[in-house]
Amino acid sequence: MAKEKKGVRLEHISKIYQDPKTGKDFYAVHDTTLDITPGSFVTLLGPSGCGKTTTLRMIAGFESPDEGEIYLGGEAINALTPNKRDTAMVFQSYALLPHYNIFDNVAYGLKLRKMDKATIQEKVTNILKLVGLEGMESRMTNQLSGGQQQRVALARALVLEPGVLLFDEPLSNLDAKLRVSMRTEIRRIQQEAGITAIYVTHDQSEAMALSDQIIIMNKGVVAQIGSPQEIYYHPNSEFVADFIGEANFLKGELLDADTADIGGHKVAVNAQGLAPGQSCTLVLRPEAAVLADAGQLPCQVILSCFMGSYQNYHVMVGDTLVKITDFNPKNKKIYNVGDTAFVDFQKDNVHVL
Amino acid sequence: MATRQGAALDRKKLMADPIMVTTIVVLIAFLTLFILYPLAILLVDSFYAPDQGGFTLSIFQRILAMKSFRTAITNTLKVGFLVGIASTLIGLLFAYVEVYVKVRTKFMGGLFQVVSMLPVVSPPFVLSLSMIMLFGKAGIITRHLLHIYDNNVYGFWGIAIVQTLTFFPVCYMMLKGLLKNIDPSLEEAARDMGAGRWKVFTSVTLPLILPGLGNAFLVTFIESIADFANPMIIGGSYDTLATSIYLQITGAYDKEGAAAMAVVLLCITLLMFFVQKYYLEAKTAATLTGKASRARMLIEDKSVTRPLTLLCSLMAIFVVMMYICVPFGALFRTWGRDFHLTTKWFGLVFSRYKGFKAFKDSFLLSLVASPLTALLSMIISYLVVKKKFKAKGFIEAVSMLAMAVPGTVLGIGYIRGFSSGVFHTGFLQGLYGSAAILIIVFVVRSLPTGARSGISALRQIDKSIEESAYDMGADSLTVFMTVTLPLIKDSFLSGLVTAFVRSITAISAIILLVTPEFLLITVQINEFAEKGSYGIACAFATILIAITYGSVLLMNLVMKYFGTSRKLKEED
């Protein structure tokens with residue numbers, strides 16, 4: 001549907017703000033370089049204040065970068081105002097025009113492009129069908145549920161057939177169930193329209209479910225870029241490991257490429273490419289380990305809780321708290337608080353930092 | 001730290017929007033020429049005498065040597081101080097009763113609403129006129145009820161009482177908003193810990209609204225010392241700064257002296273304004289941030305409700321009576337002597353005193369000024385709230401500054417600034433004495449209030465609604481016309497009516513600038529009241545009240561049927 005899929009390139013982009021309390025300048029976004037391939041779905045993920053929304057708003061044109069250049073489909077767009085950019089944004093608060101009905105909301109951008117009435121009618125009807133709102137053209141925005149308003153916001157952006165579609169936390173105002181179904185919808189519509197999408201969120205499961213690529217940001221800089229799998233299994237820092245999913249961190253020393261010393265216990269790891277003799281951190285996902293009578297690390301159980309689909313353990317390995325989720329515990333041995341046991345895991349399931 | 005191209009890019013984006021740039025340039029030119037320049041010329045004129053070789057303090061030395069001027073300063077401050085305190089206290093009483101006390105009879109509700117409407121529809125003079133007619137030498141109450149034959153209402157107490165009655169509704173509205181924002185659970189917690197009602201009021205409620213009280217005091221203080229109309233009518237020989245300036249230029253033809261006096265008055269109001277704006281307003285916002293979490297348990301205790309209700313009712317009835325007095329004044333043959341009904345005053349107004357022309361001139365000038373004011377205020381608030389550019393601070397500051405400029409000062413500034421052209425060069429001299437300058441004065445006088453209410457209305461609107469329109473391809477003008485204006489239609493409409501009412505009831509600046517060519521109702525009221533022709537003054541005033549009240553009613557009606565923004569707010 002889109003006339004042309006466009007890629008987005010950010011070259012050494014920085015944005016400086018002034019702290020309103022101290023009056024000091026700080027980088028909201030610092031020296032960020034990104035290359036977003038045409039037609040892909042990319043998520044900017046990070047805690048609040050990490051610069052993800054600022055980055056998105058710079059791409060849309062609401063903010064101007066203090067350093068660097070933004071390219072949209074090869075064209076430098078730094079000096080273009082938002083209305084001249086080939087982007088369309090879906091806002092967190094939907095931002096529908098409350099004095100217009102659904103049809104006029106969706107047709108607003110088309111009318112500004114001076115299209116004739118019949119074309120507008122056709123385009124609006126088609127797009128409303130795509131987002132599942134056919135027949136609702138004459139309703140006012142306040143007669144719609146949150147999910148429906150979100151669909152109008154999406155339709156309004158899609159109908160302009162922009163080179164790139166921008167999403168600013170569009171699902172954060174919806175309840176949990178609707179969020180899950182809407183994100184599937186968004187992914188489906190993006191695939192059908194074949195459009196480049198940049199999506200800002202702080203919800204890691206949303207990012208996982210939607211993205212081809214996740215860009216994790218922290219304190220104004222890019223922490224890691226990769227597919228959901230790469231980021232989950234091979235985080236490049238404690239921050240990323242902790243932000244995506246849950247993670248246990250075990251501190252120790254790397255003895256050689258296959259062994260680490262954790263509190264005096266030798267643990268088999270896969271640390272190809274890392275220099276031995278260094279201190280290291282093992283990243284262990286709670287579902288990648290089990291409790292057993294014999295295994296890699298001795299521990300003491302301090303919490304044992306049945307959760308239905310899994311047994312939730314908190315154990316102490318030396319001074320370190322390790323969380324373990326043991327799925328389908330029906331026919332397994334259950335350890336109780338105060339028991340001593342061993343944390344056991346496969347060497348390929350632990351990631352070394 | 002960086003190349004900082006951000007600001008340059010923002011500027012580039014702004015320049016890509018020629019309509020925006022033109023609007024900003026025109027706006028800055030307007031504000032500079034019609035607000036800053038007249039004030040600057042006052043400063044120049046009172047410090048610069050070319051025949052004495054430039055800079056001089058002699059003009060100030062001369063006016064400060066005048067005993068009458070020194071008395072006028074102390075008079076003004078004394079009245080302002082008393083009026084400020086009295087209005088704040090009465091306003092607090094009304095606000096407290098409305099928010100805390102259970103008195104919801106229909107009659108009381110109506111009374112409170114009338115009181116809150118008065119500052120909007122009330123023309124100047126009205127209270128002074130009725131004060132004289134009720135309590136003066138021939139007053140109904142003093143002469144006919146109490147048989148006091150030589151009561152003197154003129155002077156300090158006359159001004160103080162009339163100004164208090166005029167300005168306390170403003171305090172009432174301000175404090176009502178503050179009290180409503182106090183979370184009731186704070187007071188309930190204090191009650192729960194064993195404090196009595198009085199203790200809760202003094203230890204919780206009062207400290208919370210203390211900055212707000214200071215704020216209300218200063219606002220009325222500024223209004224009081226800037227007031228021209230009331231001291232003119234009821235001041236007698238008790239001169240305030242505003243009247244002294246007027247007399248200095250109309251009586252003594254001393255333009256430099258009047259300019260220097262105006263500078264003195266301006267300095268006082270500006271000082272108060274800055275304290276109010278930058279110190280107290282910030283403090284008020286800091287102590288009262290949250291919205292009330294739920295409805296307050298109203299006080300039902302009869303020993304509290306009865307005296308408070310009685311007090312408020314008496315006050316309110318007294319104020320309403322003073323307003324009613326004016327139309328009656330126009331219907332009796334000779335006030336104080338001959339109480340036969342007559343239409344002769346209205347007849348005289350329309351036959352001998354060119355009532356139709358006065359009506360037409362006032363009406364037309366205000367009618368032209370009000371849409372200009374409303375549109376300009378909305379543009380200013382749009383720029384201030386939704387846009388970022390360098391001159392934004394200037395636009396906001398100057399339009400707020402105009403709030404602190406007394407009408408008399410502005411009037412003198414226009415005389416000095418435009419009677420011989422800009423900087424006495426003859427440039428734009430044609431403006432002086434024309435209808436255009438009267439309209440400009442109307443606009444400048446109503447702009448700050450309009451801009452302020454526009455700004456608060458626009459702050460309520462989610463910024464991303466406009467951004468979304470911008471993002472979909474609309475330029476600034478389209479965004480303003482298709483999104484901003486429709487969303488603040490109510491605010492625009494009430495701004496329109498407020499500007500109209502303020503213009504048609506304006507007197508202080510306009511009386512200095514009006515030429516015999518134009519007959520304005522307010523100027524006529526002033527003239528006849530000064531001469532003692534109360535019948536005619538009352539007839540003019542009645543017409544004025546009818547116009548203002550009618551336009552407010554019309555606005556409410558229009559809003560009820562066409563106001564979209566209200567409907568949206570309710571269903572949200």
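Only heavy atoms go into these numbers, but all of them, side chains included; no hydrogens, no water, no symmetry mates. We name chains A, B, ... by the order of the sequence lines, and we start the count at 1 in each one.
- Here the side chain of A:Glu206 pairs no donor or acceptor atom with the backbone of A:Asp203 at under 3.5 angstrom.
- With chain B as the partner, the residue from A:Glu63, A:Arg156, A:Arg85 showing the most heavy-atom pairs under 4.5 Å is A:Arg156.
- Ring planes of A:Phe167 and A:Phe41: parallel class, angle under 30° (limits at 30 and 60°).
- At least one side-chain heavy atom of B:Met555 sits less than 4.5 Å from a side-chain heavy atom of B:Ser494.
- With a 4.5 angstrom heavy-atom cutoff, A:Tyr94 does not touch chain B via any of its atoms.
- A:Lys123 and A:Glu161 are joined by a salt bridge, as a carboxylate oxygen and a charged side-chain nitrogen come within less than 4.0 angstrom of each other.
- A salt bridge between A:Glu185 and A:Arg151 is present, with a side-chain N of the basic residue lying under 4.0 Å from a carboxylate O of the acidic one.
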Evaluate the criterion salt bridge (charged side-chain N to carboxylate O under 4.0 Å, His left out) for residue pair A:Glu137 and A:Arg139; output intermediate values, then yes/no.
CA-CA 6 Å; A:Glu137 286 85 349; A:Arg139 297 235 190 140; over 6 Å; no

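- Heavy atoms closer than 4.5 Å to chain A are found nowhere in B:Ala8, neither backbone nor side chain.
- Only the backbone of A:Leu96 comes within less than 4.5 Å of a heavy atom of chain B; no side-chain atom from C-beta onward does.
- The part of A:Leu80 that comes within reach of chain B is its backbone (N, CA, C, O), which places non-hydrogen atoms under 4.5 angstrom from that chain.
- A heavy-atom distance below 4.5 Å is not found between the side chains of A:Lys52 and A:Leu45.
- Taking A:Glu169 as the reference, A:His202 meet the side-chain hydrogen bond (donor to acceptor under 3.5 Å, both in side chains) condition, with sequence neighbours excluded.
- Without hydrogens or angle criteria, A:Asp86 side chain to A:Gly163 main chain gives a donor-acceptor distance under 3.5 Å.
- At a cut-off of 3.5 Å, with distance as the only test, no side-chain donor of B:Asp471 or B:Ser468 sits close to an acceptor on the other residue.
- If you measure heavy-atom distances from A:Gln92 to chain B, you find no contacts under 4.5 Å at all.
- Across A:Lys111, A:Lys84, A:Arg57, the residue that shares the most heavy-atom pairs under 4.5 angstrom with chain B is A:Arg57.
- Heavy-atom distances place both the backbone and the side chain of A:Phe62 under 4.5 Å from chain B.
- The side-chain heavy atoms of B:Met378 and B:Ser491, taken from C-beta on, include a pair separated by under 4.5 Å.
- For B:Lys463, no part lies near chain A; criterion is any non-hydrogen pair under 4.5 Å.
- For chain A, the nearby part of B:Asp462 is the side chain; its heavy atoms alone come within less than 4.5 Å.
- Interface residues of residues 14-27 of chain B toward chain A, defined by a heavy-atom distance below 4.5 Å and sorted by number: B:Ala16.
- Listed for the B:Gln276 side chain is no donor-acceptor partner under 3.5 Å among the backbone atoms of B:Val219.
- Heavy-atom pairs under 4.5 Å with chain B peak, among A:Ala95, A:Pro65, A:Ser64, at A:Ser64.
- The greatest number of non-hydrogen atom pairs below 4.5 Å with chain B, out of A:Ala60, A:Ala157, A:Ala88, is found for A:Ala88.
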